[in-house]
Amino acid sequence: MASITIRKLDEDVKTRIRMRAAENQRSMEQEVRIILRDAVTGRRAGPRNLAKFTRECFASLGGIDLELPARGPMREPPDYS
């Protein structure tokens, strides 16, 4: 394994890495390795799927079946003449 030293790193950047590492329950060193790996391999955290996230959050509570009202005929479009 190779080692790298980064000099003149902004204090704000260091703080943000430390906070990100704590959120992910990792060491700063491990967090930086993951950040660098993802940067060079093109992997990025894309937008999360809201429906999937909501299901994961509330799955333990069970679900309910909703009764959907019957759909009526489509109304006439407005006349702008």
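- Partners of R16 according to the side-chain hydrogen bond (donor to acceptor under 3.5 Å, both in side chains) rule, which considers only residues two or more places apart in sequence or in another chain, are D12.
- Here the straight-line distance linking atom OG1 of T15 with atom CZ of R20 works out to 14.5 Å at 0.5 Å rounding.
- Closest approach of S27 to A21, counting heavy atoms only: O-CB, 3.7 Å.
- With sequence neighbours left out, D65 forms a side-chain hydrogen bond (donor to acceptor under 3.5 Å, both in side chains) with no residue at all.
- Transitive grouping of hydrophobic side chains (ILVMFWY, heavy atoms separated by less than 4.5 Å) brings V13 and L36 into a common cluster.
- Put simply, I6 and M28 are part of the same group of oily side chains (I, L, V, M, F, W, Y) that touch within less than 4.5 Å, one to the next.
- When R18, Q25, R26 are each tested for a side-chain hydrogen bond (donor to acceptor under 3.5 Å, both in side chains) with E31, only one passes: R26.
- In E29, the CD atom is not crowded: 12 or fewer heavy atoms of neighbouring residues, nucleotides or ligands sit closer than 6.0 Å.
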